[in-house]
Colleague: 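Got a structure for you, questions after.
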Protein chains: 2
Amino acid sequence: MLCCMTENKEKKKRQGWKQNPEAVQENILEAALEEFAERGFAGARINLIADKTDTSKRMIYYYFGDKEGLYRRVIEKTYTDTRQGELALELDLSKPQEALRKLITFTFNHHRKHSDFIRLVMIENIHQGRHLGEKQHFADINAPAIQRVKEIYSAGVEQGVFRRGLSAEQLHWQISAMCFFNVSNQATFGAAFGDQLFTPTGQKELCQTIEDTVLTFLLHEPDRLLK
Amino acid sequence: MLCCMTENKEKKKRQGWKQNPEAVQENILEAALEEFAERGFAGARINLIADKTDTSKRMIYYYFGDKEGLYRRVIEKTYTDTRQGELALELDLSKPQEALRKLITFTFNHHRKHSDFIRLVMIENIHQGRHLGEKQHFADINAPAIQRVKEIYSAGVEQGVFRRGLSAEQLHWQISAMCFFNVSNQATFGAAFGDQLFTPTGQKELCQTIEDTVLTFLLHEPDRLLK
DNA sequence: TATGTAATGTACCATTAGGTTAATTATCTC
DNA sequence: GAGATAATTAACCTAATGGTACATTACATA
């Protein structure tokens, strides 16, 4: 099996190959994403990344300069792809509660599906965001996420459904926190407290709980009388 | 300055030194915690850890076998220390709301203060919890955390303050998620959406918000009519 | 079709870093 | 206090790994 594949690969390469820089770079970035997401920056091995590609290590250095350059490009691509994916979601602002639930469900599932992205973000946080590139550019990429929440919240306030005085940043933060943590800390949380929350039904309930939590917070004034 | 210190160190060592295995191990573990928390498992350098200690690289291998053995011990110690620190908090169960707020404030601040712990947990999640050791032991260490929440919740339900039907696991999960995320994702979240949430006042408000969120969820039945 | 340039393959290098060997010093026990 | 054992030092080894030199092949263009 393996030998066949390599034989084919060899043949393909020997028989007239075409130059295709973009495809080669894409190919490298994909392999690198897997590797970095799995092992972190220091843990990733350039040689292994090269093995996963259809090209050679030399090409990695040719296109990306060095390991860090490659990593930076992977981060950027991942964030861009993710935010782009989120834009696909369409929401009906005339029903703010429903819209918010839909946004949360979407975020919850999206994060679950894209654990590579989550892992890269974790890794980048461990590096204290040193590879995020130009901060303004990074902020621009991410701005739509807050915008989204702001729209829903404003609509809800105007319709008299949501209470006033809350900030979209905080709401987005809450949603992010729980949807992110659900994926990022599954290993340690599961080991510490059991896997009930991470079974299929557990996850459905959890998503529901996140929705309920955020919505209830939006609907009811908090009680600060200490009882 | 530096030369003086090294001179002193040298002298100390040359002049009759005492054996003190426990202290040496503690000393190594502390240095290793810093290094692992800062650079991750693969990024950490045994040589640098050794440099930070008052002893030598050989001692690390003598006491911990290899890099992974050292890392395991660091993880275990960190978790144990953390949970132990949490036990110090005393709560008045006759006032469930107040008790819960106090627990959340404590967790929030505790996580902020112990970012080394947070970072190690992140790192361990990237490794998918491979180094947590015996799962049962790990679960035992962590059990008190849920227990705590369960006590408060039960008291609140019995007093007719909290609504019925919620699970302590989920409540603990919510609190953990937000308090953890606040520290773990500060770098990327701040870069993406600004640092307002992470200024001193931003943090105070955020903590308040977490409390309000969880409490409101405990006090009010969620509204699932989609509007 | 000649030529300069971009893209690719192969073999190699230098250094880093995890781990070890073997000798030295303290400590314990009988 | 003698011999055995535990703790410590310093120098060393080797595989892995990030990175490079150089030759070669495709391609655009004039």
Side-chain angles (χ1 to χ4, degrees), chain A residues 6-29 31-32 34-36 38-74 123 127 130-131, chain B residues 6-29 31-32 34-36 38-74 123 127 130-131:
Chain A
T6 39
E7 254 180 50
N8 282 339
K9 217 171 170 183
E10 296 271 317
K11 258 184 208 165
K12 232 194 262 169
K13 273 183 197 165
R14 301 297 182 211
Q15 291 172 4
W17 53 272
K18 294 243 165 146
Q19 287 189 177
N20 194 346
E22 284 83 29
V24 170
Q25 290 179 56
E26 270 302 310
N27 182 231
I28 292 173
L29 282 171
E34 276 182 42
E35 183 74 3
F36 282 127
E38 184 142 343
R39 314 192 194 219
F41 176 72
R45 297 287 163 250
I46 292 280
N47 284 317
L48 289 187
I49 294 174
D51 289 349
K52 282 188 186 176
T53 67
D54 298 327
T55 177
S56 66
K57 182 163 72 162
R58 177 71 186 77
M59 286 296 92
I60 295 176
Y61 287 95
Y62 186 68
Y63 286 120
F64 302 97
D66 60 6
K67 191 180 182 181
E68 195 168 324
L70 176 60
Y71 177 72
R72 285 197 140 91
R73 287 282 300 274
V74 168
I123 290 162
H127 296 315
R130 274 191 285 266
H131 310 92
Chain B
T6 40
E7 254 180 51
N8 283 338
K9 218 171 168 184
E10 295 270 318
K11 258 184 208 164
K12 232 194 260 170
K13 274 183 196 165
R14 301 297 182 209
Q15 290 173 5
W17 53 273
K18 295 243 165 146
Q19 288 190 177
N20 193 347
E22 283 84 30
V24 170
Q25 289 180 57
E26 271 302 310
N27 182 230
I28 293 173
L29 283 172
E34 276 182 43
E35 183 73 4
F36 281 126
E38 186 142 343
R39 313 189 194 224
F41 177 71
R45 296 289 164 250
I46 293 280
N47 284 317
L48 289 187
I49 294 174
D51 289 349
K52 281 189 188 175
T53 67
D54 298 327
T55 178
S56 65
K57 181 164 72 162
R58 181 67 187 80
M59 284 296 91
I60 296 175
Y61 288 95
Y62 186 68
Y63 285 120
F64 302 98
D66 60 6
K67 191 181 182 182
E68 196 169 323
L70 176 61
Y71 177 72
R72 287 196 140 91
R73 286 282 300 275
V74 168
I123 290 162
H127 297 311
R130 274 191 285 267
H131 310 92

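Residue numbers start from 1 in every chain, and the chains themselves are labelled A, B, ... in the order their sequence lines are given, proteins ahead of strands.
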Colleague: Which nucleotide, C/dG18, D/dG19, C/dT8, lies nearest any side-chain atom of B/Asn47?
Modeller: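 Of the candidates, C/dG18 comes closest.
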Colleague: Between atom NZ in A/Lys57 and atom C1' in C/dA7, what is the gap in whole Å?
Modeller: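 Rounded to whole Å, this separation is 18 Å.
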Colleague: Given atom CZ of A/Arg39 and atom P of D/dG18, what is their separation to the nearest angstrom?
Modeller: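 Checked: the CZ to P distance equals 11 Å.
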Colleague: Between B/Lys67 and B/Ala44, is there a donor-acceptor pair closer than 3.5 Å when you use the side chain of the first and the backbone of the second?
Modeller: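 Checking the backbone N and O of B/Ala44 against the side chain of B/Lys67, a donor-acceptor pair under 3.5 Å is found.
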Colleague: Is there a side-chain polar atom (N or O) of A/Tyr63 under 4.0 Å from OP1 or OP2 of C/dA6?
Modeller: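 False: A/Tyr63 side-chain N/O out of range (4.0 Å or more) of C/dA6 OP1/OP2.
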Colleague: Under a 4.5 Å cut-off applied to non-hydrogen side-chain atoms, are A/Phe64 and A/Ile28 in contact?
Modeller: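 Yes. Closest side-chain heavy atoms under 4.5 Å.
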Colleague: Judged by each residue's nearest nucleotide on DNA chain C, which is more toward the 5′ side, B/Tyr61 or B/Arg58?
Modeller: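 Final value for this comparison: B/Tyr61.
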Colleague: Using a strict 4.0 Å threshold on nitrogen-to-oxygen distance, state whether A/Glu35 and A/Arg45 make a salt bridge.
Modeller: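 Looking at A/Glu35 and A/Arg45, the cut-off is not met.
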Colleague: Quickly work out the B/Glu22 CD to D/dA7 C1' distance and round it to whole Å.
Modeller: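 Atom CD in B/Glu22 sits about 12 Å away from atom C1' in D/dA7.
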Colleague: Kindly say if B/Thr55 contacts the phosphate of D/dA7, meaning a side-chain N or O under 4.0 Å from OP1 or OP2.
Modeller: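 B/Thr55 to D/dA7 OP1/OP2: no side-chain N or O under 4.0 Å.
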Colleague: Can you check the B/Tyr62 OH to C/dT24 P distance for me, whole Å?
Modeller: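 It works out to 18 Å between those atoms.
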Colleague: Measure CG/A/Asp51 against C1'/D/dT17 and give the value in whole Å, please.
Modeller: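 Between C1' of D/dT17 and CG of A/Asp51: 13 Å.
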Colleague: Taking only the side-chain heavy atoms of A/Met59 (C-beta and beyond), determine which of C/dA17, C/dT8, D/dT8 contains the nearest atom.
Modeller: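 Among C/dA17, C/dT8, D/dT8, the one nearest the side chain of A/Met59 is C/dT8.
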Colleague: Categorize B/Ala42 for me: base, sugar-phosphate, or nothing, with a 4.0 angstrom heavy-atom threshold over every strand shown.
Modeller: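 If one applies the 4.0 Å heavy-atom cut-off, B/Ala42 turns out to touch nothing in the nucleic acid.
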Colleague: CG of B/Leu70 versus C1' of C/dG19: gap in Å, rounded?
Modeller: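 The answer, rounded to whole Å, is 13 Å.
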Colleague: Whole angstroms only, please: what is the CD1-P distance between A/Ile60 and C/dA7?
Modeller: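 It works out to 16 Å between those atoms.
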Colleague: Would you call the rings of A/Phe36 and A/Phe41 parallel, tilted or perpendicular if under 30° counts as parallel and over 60° as perpendicular?
Modeller: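 A/Phe36 and A/Phe41: parallel rings.
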Colleague: For A/Ser56 and C/dT10, is the shortest distance between a side-chain N/O and OP1 or OP2 below 4.0 Å?
Modeller: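 No, no such contact exists.
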Colleague: Round to a whole Å and report the spacing from CG of B/Asn27 to C1' of D/dT8.
Modeller: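 My rounded result for the distance is 14 Å.
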Colleague: By the 4.0 Å heavy-atom rule, please label A/Ala44 as base, sugar-phosphate, or nothing.
Modeller: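 Sugar-phosphate, backbone atoms only, no base.
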Colleague: How about B/Arg73 and B/Gln25: do any of their side-chain heavy atoms sit closer than 4.5 Å?
Modeller: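 Yes. Closest side-chain heavy atoms under 4.5 Å.
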Colleague: Check this for me: does the side-chain of B/Lys67 come within 3.5 Å of the base of C/dG19 through a donor and an acceptor?
Modeller: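 Between C/dG19 and B/Lys67, which were checked side chain against base, a qualifying N/O pair under 3.5 Å is absent.
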